[in-house]
Protein chains: 2
Amino acid sequence: MIKENLEKYQIIEDCPVRNVLDRIGDKWSILVISILGELGTLRFNEINSIIGNISQKMLTVTLKTLEADGLVSRKIYPQVPPRVEYTLTELGNSLLPSIATLTQWALKNMSTIKASRERYFKSLSVK
Amino acid sequence: MIKENLEKYQIIEDCPVRNVLDRIGDKWSILVISILGELGTLRFNEINSIIGNISQKMLTVTLKTLEADGLVSRKIYPQVPPRVEYTLTELGNSLLPSIATLTQWALKNMSTIKASRERYFKSLSVK
DNA sequence: CAGTATCCCCTCCGATACTG
DNA sequence: CAGTATCGGAGGGGATACTG
């Protein structure tokens with residue numbers, strides 16, 4: 001019963017969930033995707049302002065990774081000062097429903113989880 | 001247009017996606033949830049064997065976190081040697097569809113993303 | 001404006017050894 | 001069997017300063 005399932009999970013290298021989570025499971029990717037998904041095309045500093053507390057470095061890294069993965073497209077206007085616009089690609093857009101599903105679940109169960117954690121740690125301190 | 005969206009995203013502390021991603025966005029949580037979701041109730045070492053390349057420490061930490069969040073329940077049989085069984089709670093089960101959605105997307109788009117990355121890095125080395 | 005380049009901390013995670 | 005305890009490396013991410 002277990003042995004039959006070994007190979008299914010053991011080959012982590014090509015695990016699809018790992019593959020996607022390694023990319024969007026970081027601190028900022030999903031937030032950036034959500035913002036672009038909702039607001040359309042945005043410039044670097046617009047995204048920066050909307051998020052508010054992201055460092056310039058991490059926004060750069062996040063956008064570069066998303067661009068490399070083909071989730072975000074980057075358009076440069078050759079002018080001074082430069083203007084760079086970011087938009088979700090079709091692939092990026094296709095990820096929105098999955099994120100929405102996750103968001104729904106999170107919104108619905110946040111308080112339950114929070115309560116569970118508090119109960120759990122309280123029970124630990126008693127022991 | 002941007003200003004109205006500021007508060008929606010800027011308060012990261014209570015951002016639901018952050019909240020859920022901070023928990024299941026780690027290296028092993030989703031895998032453990034998937035395995036328990038598919039195989040039902042399992043003992044510590046059974047999960048360990050199925051995954052294969054997880055360290056004992058990380059399996060412990062992962063299961064403890066999932067238990068604290070109320071996603072996994074832990075049942076101890078007071079015997080020697082000990083027997084401990086892990087099962088998804090109702091809350092844990094309710095997360096399965098979201099994970100499935102994400103998995104579907106990952107499976108469907110893995111190759112596209114991989115190709116995109118290769119193209120991207122190849123174009124970098126040219127410059 | 002849209003980034004780079006550094007420095008550095010801190011957490012995640014693995015390896016290893018030990019225990020009730 | 002099902003953990004705990006400890007150490008240490010890798011890298012994610014922030015702060016700051018600089019640039020075309």
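All values below were derived from every heavy atom in this structure, side-chain atoms included, with hydrogens, water molecules and symmetry-related copies excluded. In this text the structure is predicted, and so the values were computed from the model without any measurement. So you know, we letter chains A, B, ... as the sequences are listed, proteins then strands, and number each from 1.
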Report the nucleotide, chosen from [options], that has the shortest atom-to-atom distance to any side-chain atom of [X].
X: A/M58; options: C/dA2, D/dG13, D/dT4; result: D/dG13
X: A/R74; options: D/dG14, C/dG3, C/dC1; result: C/dG3
X: B/Y86; options: C/dT4, D/dG14, D/dG3; result: D/dG3
X: A/R43; options: D/dT4, C/dA2, D/dA2; result: C/dA2
X: B/F44; options: D/dG3, D/dC1, C/dC1; result: D/dG3
X: A/W28; options: C/dA2, C/dC13, D/dG14; result: D/dG14

Are any of the side-chain heavy atoms of [X] and [Y] separated by less than 4.5 Å?
X: B/V84; Y: B/Y86; result: yes
X: A/L95; Y: A/I24; result: yes
X: A/L96; Y: A/L88; result: yes
X: A/K64; Y: B/Y120; result: yes

- Item | Earlier contact from the 5' end, DNA chain C, for A/V84 and A/K57 |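 It is A/V84, whose closest nucleotide lies nearer the 5' terminus.
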Could you tell me how far apart [X] ([atom1]) and [N] ([atom2]) are, to the nearest whole angstrom?
X: B/Q56; N: D/dT4; atom1: CD; atom2: P; result: 10 Å
X: A/E67; N: C/dG3; atom1: CD; atom2: C1'; result: 13 Å
X: A/R18; N: C/dC12; atom1: CZ; atom2: P; result: 14 Å
X: B/L59; N: D/dC1; atom1: CG; atom2: P; result: 14 Å
X: B/D26; N: C/dC12; atom1: CG; atom2: P; result: 9 Å
X: A/R83; N: D/dG20; atom1: CZ; atom2: C1'; result: 18 Å
X: A/K64; N: C/dT4; atom1: NZ; atom2: P; result: 5 Å
X: B/N48; N: D/dA2; atom1: CG; atom2: P; result: 10 Å

- Nearest nucleotide by nearest heavy atom, which residue falls closer to the 5' end of DNA chain D, A/S55 or A/P82?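 On the 5' side of the pair lies A/S55.
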- Task: Looking only at non-hydrogen atoms, find the nearest pair between A/N93 and A/P97 and report the distance.
- Result: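 Looks like O-CD, 3.6 Å.
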- Classify the nucleic acid contact of B/K27 as base, sugar-phosphate or nothing, counting any heavy atom under 4.0 Å across all strands shown.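 Here B/K27 touches the backbone only, sparing every base.
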- Message: Once you apply a heavy-atom cut-off of 4.0 Å, does B/Y77 come out as touching a base, just sugar-phosphate, or nothing?
- Response: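 B/Y77: no heavy atom of the nucleic acid under 4.0 Å.
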- Watson-Crick or G-U wobble partner for D/dG20, using a 3.5 Å limit on both distances?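 Pairing partner: C/dC1.
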- Message: Return the pairing partner of C/dC8 with a 3.5 Å limit on both distances, Watson-Crick or G-U wobble; otherwise return none.
- Response: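 Across any shown strand, C/dC8 pairs with D/dG13.
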